[in-house]
Visitor: 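Dropping a structure here in structure tokens format, bear with me for questions.
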Amino acid sequence: MGIFISGMYRTAGELLKQAQKTLETARVGEPLENAELLLAYALGKSRLTLRAFPDFPVGENQRLDFSALLERKAAGEPLAYITGRAAFLEYEFIVSPAVLVPRPETEQLARFALDWLNGRAGACDVLDLGAGSGCIACALALRAKARVTASDISPDALAVAKTNAEALGAAVRFVRSDLFAGITGKFDLIVSNPPYIPSEELAGLAPEVRREPACALDGGPDGLELLRRIIGEAPAHLNPGGVLMLETGSGQRAAIKTMFSAGVWRGLEFLDDFSGFDRYFIARV
Ligand code: GLN
């Protein structure tokens with residue numbers, strides 16, 4: 001990557017072309033997009049500016065910075081960990097390797113939760129179980145009439161989530177808890193994007209995903225361990241008419257159906273994500 005340090009590549013457009021090739025060779029997905037986002041970050045400019053001004057001159061120090069960032073990306077580091085930021089709905093969240101990088105599928109879960117909350121007359125009590133970066137909890141606290149509690153088993157994740165809540169001005173109460181173990185009280189809505197990947201599949205995931213915390217992904221031998229615990233314990237923490245909304249793994253629907261005992265749950269609806277994969281359920285007590 002010394003190529004960036006030499007005087008050869010001086011404009012943003014030239015740097016991008018070379019960076020794209022570097023990322024392609026390293027088998028990084030969406031190489032041009034990643035290169036643009038990294039260069040934009042290194043220069044403190046927007047992607048739009050880079051596209052509009054491909055002749056934008058890039059000085060040696062900035063080329064060095066960009067080269068270092070590119071090296072990290074080529075080695076499989078998620079872009080969000082490099083920039084320390086990830087977008088979720090209309091908000092920007094601080095992220096670190098202590099938390100899962102928020103996903104577009106989870107934005108959809110938050111939208112379902114917002115729709116439900118905004119259709120209710122009064123303020124609701126909401127629990128985000130396994131809050132990670134706090135993306136769901138903060139978005140709900142900011143956009144709905146809700147008293148939001150966010151929990152996570154990881155103190156490091158909770159620290160990130162708290163920083164995000166403060167930065168965004170989101171009123172969220174934080175509790176360190178292994179699922180419901182440390183949770184007292186009842187809620188109108190429990191929302192969660194729990195770990196749902198079978199343990200043995202973790203090693204085969206994309207390099208970027210393997211940099212994310214295993215405890216945010218690992219759903220036990222069949223991927224369903226945490227779903228089972230959540231579905232089993234949620235009724236004790238839901239108000240009458242309360243709702244449990246979860247993101248799950250695609251292909252888990254049949255197994256999940258068997259986890260709901262008829263005497264306790266009154267409604268169960270499954271929903272697909274925008275790619276057409278089965279991804280969510282909404283259950284009501
Ligand atoms: N709630 C966070 C998210 O959806 C973290 C979820 C997790 O760590 N499994 O991004």
Side-chain angles (χ1 to χ4, degrees), residues 78-81 84-114 126-144 146 148-165 168 170 172-180 183 187 189-199 201-202 205-206 208-220 223-231 234 244-250 252 271 273-274 277 279-282:
L79 187 81
Y81 291 165
R85 300 282 186 279
F88 188 83
L89 298 176
E90 71 264 44
Y91 308 106
E92 190 178 76
F93 283 86
I94 293 161
V95 292
S96 79
V99 301
L100 193 79
V101 177
R103 304 290 204 271
E105 286 80 359
T106 311
E107 291 183 301
Q108 186 55 47
L109 177 69
R111 281 192 205 98
F112 290 139
L114 283 168
V126 178
L127 172 64
D128 175 9
L129 214 50
S133 62
C135 56
I136 303 173
C138 291
L140 300 188
L142 289 166
R143 285 186 40 186
V148 180
T149 302
S151 76
D152 206 286
I153 191 171
S154 152
D156 292 343
L158 275 182
V160 173
K162 276 183 197 166
T163 306
N164 277 317
L168 293 165
V172 177
R173 186 172 72 100
F174 291 95
V175 183
R176 180 168 179 227
S177 174
D178 177 9
L179 294 186
F180 290 107
I183 303 292
F187 302 88
L189 171 66
I190 298 173
V191 64
S192 183
N193 172 27
Y196 53 68
I197 297 171
S199 307
E201 285 179 22
L202 293 178
L205 296 173
E208 279 86 356
V209 185
R210 279 187 270 131
R211 298 282 190 115
E212 296 184 90
C215 74
L217 298 164
D218 190 346
L224 298 164
E225 213 148 89
L226 285 99
L227 295 172
R228 224 175 262 119
R229 283 173 58 196
I230 294 172
I231 293 167
L244 174 67
M245 250 181 228
L246 254 72
E247 181 175 325
T248 70
S250 183
Q252 295 180 330
L271 296 148
D273 63 23
F274 43 75
F277 293 110
R279 184 65 63 200
Y280 317 95
F281 72 75
I282 301 177

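For clarity, every value in this text was computed on a predicted model and none was experimentally measured. Read the numbers this way: they start at 1 and go in the same order the structure lists the ligands and their atoms.
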Visitor: May I have every N or O pair linking ligand 1 to the protein at under 3.5 Å, one per line with atom names and distance?
Guide:
residue: ligand 1; atom: 1 (N); partner: Gly130; partner atom: O; Å: 3.1
residue: ligand 1; atom: 1 (N); partner: Ala131; partner atom: O; Å: 3.3
residue: ligand 1; atom: 4 (O); partner: Asn193; partner atom: ND2; Å: 2.9
residue: ligand 1; atom: 9 (N); partner: Asn193; partner atom: O; Å: 2.8
residue: ligand 1; atom: 9 (N); partner: Ala216; partner atom: O; Å: 3.0

Visitor: Using the test side chain to side chain contact (heavy atoms under 4.5 Å, CB included), find all partners of Pro195 that sit at least two apart in sequence or belong to another chain.
Guide: Leu226
Visitor: Could you work out, with side chain to side chain contact (heavy atoms under 4.5 Å, CB included) as the rule, every residue matching Leu142, not counting sequence neighbours?
Guide: Tyr91, Leu168, Ala170
Visitor: On a heavy-atom basis, which atom in Leu140 and which in Ala113 lie closest, and how many Å separate them?
Guide: CD2-CB, 3.8 Å
Visitor: Determine the minimum heavy-atom distance between Asp152 and Gly130, stating which atoms define it.
Guide: OD2-C, 3.4 Å
Visitor: List the residues meeting salt bridge (Lys or Arg N to Asp or Glu O under 4.0 Å) with Glu105, not counting sequence neighbours, and say none if there are none.
Guide: none
Visitor: Quick one: closest heavy-atom pair of Val101 and Tyr81, and the distance?
Guide: CG2-CE2, 3.7 Å
